[in-house]
Amino acid sequence: LELYNNLPDFDPQELEGILKDIQTEVQKLSQKHTILWDTFKEIRNKQDIEEYEQFLADLAIREKFYDRLSSYSKTLSIALASVKFLEETPAEDSARYKNDLKFFTKLRTAVKRRYAETLDFSEYEPKIQKLLNMHVGTEETEQITPWVNIFDTEAFAAEVEKLESVSAKADTIAHRTNRTIQVRMDEDPVFYRRFSEMLQKVIDDFRQKRISENEYLTNVTELMNSVVNRTGDDIPEILEGREIAKAYYGIVLQSFTEDAPADSPVLDWLPEIAIAIDEIVERNRIVQWVDNENVKNRMRIEIEDWLFDYASQKDFDLDFKIVDEILERCIDVAKVRRADVN
């Protein structure tokens with residue numbers, strides 16, 4: 001400090017709070033250890049790993065657990081670097097601190113996979129692993145690897161099969177499917193939103209014990225297969241093989257059915273409308289069209305003109321509000337699905 005004090009631009013206040021008394025930090029270890037365990041005070045069987053994992057289904061509780069584990073591991077790391085701590089701490093207490101770190105680290109790995117976590121622990125995870133390797137002296141905790149995509153059916157099935165409990169398999173399928181749905185939502189919003197709601201209902205039913213774990217596994221597997229194969233909704237045969245037109249169909253169906261009666265003939269014409277929108281978009285696409293307002297406006301005008309001409313031919317009234325909604329939502333899908341030009 002005296003050396004740096006002689007430098008012309010040195011401000012002693014810049015070092016305030018940087019240096020900490022190791023013993024002050026070490027004294028917090030017992031409290032942080034207790035706080036970490038207190039996260040799970042509602043767990044009845046402290047030996048039941050499955051109970052821990054199900055308890056952590058709630059994101060808010062998981063985040064609290066992650067924060068407390070991080071804080072505990074940092075303080076334990078400081079303690080284990082202190083000669084005084086090593087000399088004065090009973091061996092059984094020291095072993096408990098270390099083993100609990102390993103237990104909770106493995107638990108975190110398991111729940112991150114089970115609930116399809118995307119949180120980034122890269123800043124401190126290597127430090128925890130180093131701490132375990134140096135002081136626990138057992139096999140490495142399992143590293144978090146990138147999840148297998150549910151569309152890679154064989155590899156994902158193999159990953160799920162490694163899990164021991166039925167509910168762990170079901171949770172993994174449910175949350176991985178839900179993550180896929182969220183990522184792909186803009187590609188086919190009506191389809192994916194419908195399955196997102198169905199999936200959430202099944203998850204809630206299991207959490208509220210309205211269904212058994214076997215029913216949970218069966219239901220989420222069926223929903224996953226529908227998402228992977230894009231089945232489970234009533235798509236007219238004429239749209240088979242026209243994947244983007246299916247997304248447009250979902251949009252026009254939702255837009256028209258809000259006001260049209262169930263027996264309205266308009267509903268029979270929706271597949272043709274979806275195909276027309278698909279063809280207009282394809283006809284107008286050029287390189288980097290997504291950033292070209294002229295191209296997008298041309299698409300909107302052509303779709304709008306086609307819709308009103310078609311309504312005139314079929315002799316039905318077309319609401320401008322519905323047209324505007326269809327235009328914007330279909331263009332949004334096209335920007336995601338057809339941004340490239342082949």
Side-chain angles (χ1 to χ4, degrees), residues 20 25-81 95-136 138-148 159-160 162-165 167-183 199-200 203-204 206-207:
K20 295 183 179 180
E25 281 298 299
V26 171
Q27 288 169 8
K28 299 177 183 177
L29 180 61
S30 178
Q31 180 186 23
K32 290 187 176 182
H33 182 255
T34 300
I35 290 173
L36 177 57
W37 269 109
D38 191 57
T39 310
F40 303 97
K41 61 185 177 182
E42 296 179 28
I43 298 288
R44 287 173 293 182
N45 183 358
K46 294 296 192 289
Q47 306 304 314
D48 186 355
I49 303 301
E50 177 63 23
E51 190 173 351
Y52 285 91
E53 292 188 15
Q54 289 196 31
F55 179 72
L56 290 169
D58 186 294
L59 177 59
I61 297 177
R62 288 204 303 279
E63 290 179 340
K64 181 189 294 185
F65 165 53
Y66 296 152
D67 287 342
R68 290 177 174 182
L69 175 58
S70 175
S71 179
Y72 170 69
S73 68
K74 290 175 182 177
T75 300
L76 179 58
S77 178
I78 293 172
L80 292 174
R96 186 175 72 256
Y97 287 139
K98 297 173 187 177
N99 289 331
D100 285 352
L101 174 65
K102 180 177 181 181
F103 170 76
F104 286 120
T105 301
K106 293 183 73 172
L107 177 62
R108 189 200 65 189
T109 300
V111 297
K112 277 172 63 67
R113 178 180 292 109
R114 181 166 180 159
Y115 299 114
E117 287 279 10
T118 58
L119 300 178
D120 181 13
F121 289 88
S122 59
E123 289 188 4
Y124 70 86
E125 189 169 78
K127 296 178 182 178
I128 293 179
Q129 186 62 61
K130 182 178 179 181
L131 184 60
L132 290 167
N133 291 342
M134 288 179 60
H135 297 285
V136 178
T138 59
E139 77 280 359
E140 288 191 355
T141 57
E142 186 177 2
Q143 294 297 305
I144 298 173
T145 56
W147 342 305
V148 176
E159 179 182 333
V160 170
K162 294 177 184 177
L163 301 172
E164 294 182 5
S165 72
S167 58
K169 293 177 180 180
D171 271 332
T172 300
I173 292 171
H175 290 274
R176 197 76 58 85
T177 301
N178 188 54
R179 183 66 65 185
T180 298
I181 286 173
Q182 300 311 314
V183 169
L199 190 60
Q200 189 59 54
I203 293 172
D204 292 342
F206 177 68
R207 299 283 172 245

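When all heavy atoms of V26 and A79 are compared, the closest pair comes out as CG2-CA, 3.6 Å. Looking at every heavy atom in both residues, N45 comes nearest to E51 through N-OE1, 3.3 Å. In terms of heavy atoms, L56 sits closest to R62 at O-CG, 2.7 Å. Considering every non-hydrogen atom in both K46 and K41, the closest pair reads NZ-O, 4.1 Å. Minimum interatomic distance between L80 and K98 (heavy atoms only, all atoms of both residues): CD2-CE, 3.8 Å. Pairing each heavy atom of L69 with each of L36, the nearest pair is N-CD1, 3.8 Å.
Of the charged side-chain nitrogens involved, at least one lies within less than 4.0 Å of a carboxylate oxygen, so that E50 and R114 count as a salt-bridged pair.
Annotation: side chain of D171 is not in contact with side chain of L163 (no heavy-atom distance under 4.5 Å). When side chains are defined from C-beta on, R113 counts as touching T109, because their heavy atoms get closer than 4.5 Å.
The closest side-chain donor-acceptor pair between K28 and T75, if any, does not fall under 3.5 angstrom.
Between W37 and Y52, the angle of the ring planes goes over 60°, which puts this pair in the perpendicular group of the 30/60° scheme.
If you look at F55 and F65, their ring centroids are not closer than 6.0 Å.
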